[in-house]
Undergrad: 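One structure, as structure tokens, below. Some questions next.
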Amino acid sequence: MKNKLKTKPSPRKKAKAKDAKSHSRAKRAMAKHAAGTPPLQYIPWHTIPLEDLNPLLQRQFVVGQEIMLARVLMKKGCIVPEHSHHNEQLTYIVEGALKFSIDGREIVVRAGEVLCIPSNMPHSAEALEDTVDLDVFNPPRADWINRSDQYLRGQK
């Protein structure tokens, strides 16, 4: 009877087998995730109608699954009354300037600057000049989507 030597697989073979299993697992996970993924959206701003909220305020927005991007256009003197929401907000000023009253302070945010507003923090804003801003909300603002945001409508 011959003695058979059992040889261990080389580290290289082990690594290849592990990589193959890992790659296979990753492919299955990606396929499963892709099945529940919403469709890709490509939306030029000019294809979204401007919503007139009041004589000094217009907006457009795009809604993803867990995030919303709004383009807000304000004429000089436009006031966004104090309000708060459970949504976290990032405001990026594209052009112009907004003066925020927030957390007991006044903060002027100008073109090229960003303000991060935590959830449930009361804030208001005034357009110091004609302003274009991009607001990002997580999660999307349900009151904007269903048009129940009366604090923005019909005011200066």
Undergrad: At their closest point, which heavy atom of Val94 faces which heavy atom of Ala111, and how far apart are they?
TA: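 Minimum heavy-atom separation between Val94 and Ala111: O-CB, 3.6 Å.
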Undergrad: Is Arg71 close to Leu73 at the side-chain level, that is, under 4.5 Å between some pair of heavy atoms?
TA: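 Touching, per the 4.5 Å side-chain cut-off.
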Undergrad: Taking the side chain as everything from C-beta on, heavy atoms only, tell me whether His83 gets closer than 4.5 Å to His123.
TA: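 Touching, per the 4.5 Å side-chain cut-off.
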Undergrad: Which pairs with one or both residues in residues 90-102 pass side chain to side chain donor-acceptor pair (under 3.5 Å), sequence neighbours excluded?
TA: Gln89-Thr91, Thr91-Asp135
Undergrad: Going by atom types alone, do Thr131 and Asp133 pair a side-chain donor with an acceptor below 3.5 Å?
TA: no
Undergrad: Verify the cluster assignment for Phe100 and Val136: are they in a single hydrophobic cluster under the rule of side-chain heavy atoms below 4.5 Å apart?
TA: no
Undergrad: Pro140 pairs by side chain to side chain contact (heavy atoms under 4.5 Å, CB included) with which of Ile67, Val63, Asn87?
TA: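 When side chain to side chain contact (heavy atoms under 4.5 Å, CB included) is applied between Pro140 and each of Ile67, Val63, Asn87, only Val63 qualifies.
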Undergrad: Just checking, any donor-acceptor pair under 3.5 angstrom between side chains of Glu88 and Asn138?
TA: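 Note: Glu88 and Asn138 side chains miss the donor-acceptor criterion.
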Undergrad: So, does Ser124 use its side chain to make a donor-acceptor pair with the main chain of Glu82 at under 3.5 Å?
TA: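 Judged by distance alone, no pair lies under 3.5 Å.
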Undergrad: Side-chain contact, heavy-atom cut-off 4.5 Å: Met74 with Leu98?
TA: yes
Undergrad: Answer yes or no: does atom CZ of Arg147 have more than 12 heavy-atom neighbours from other residues, nucleotides or ligands under 6.0 Å?
TA: yes
Undergrad: Does the side chain of Asp149 reach to within under 4.5 Å of the side chain of Arg153, using non-hydrogen atoms?
TA: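 Side chain of Asp149 against side chain of Arg153, heavy atoms only: contact under 4.5 Å found.
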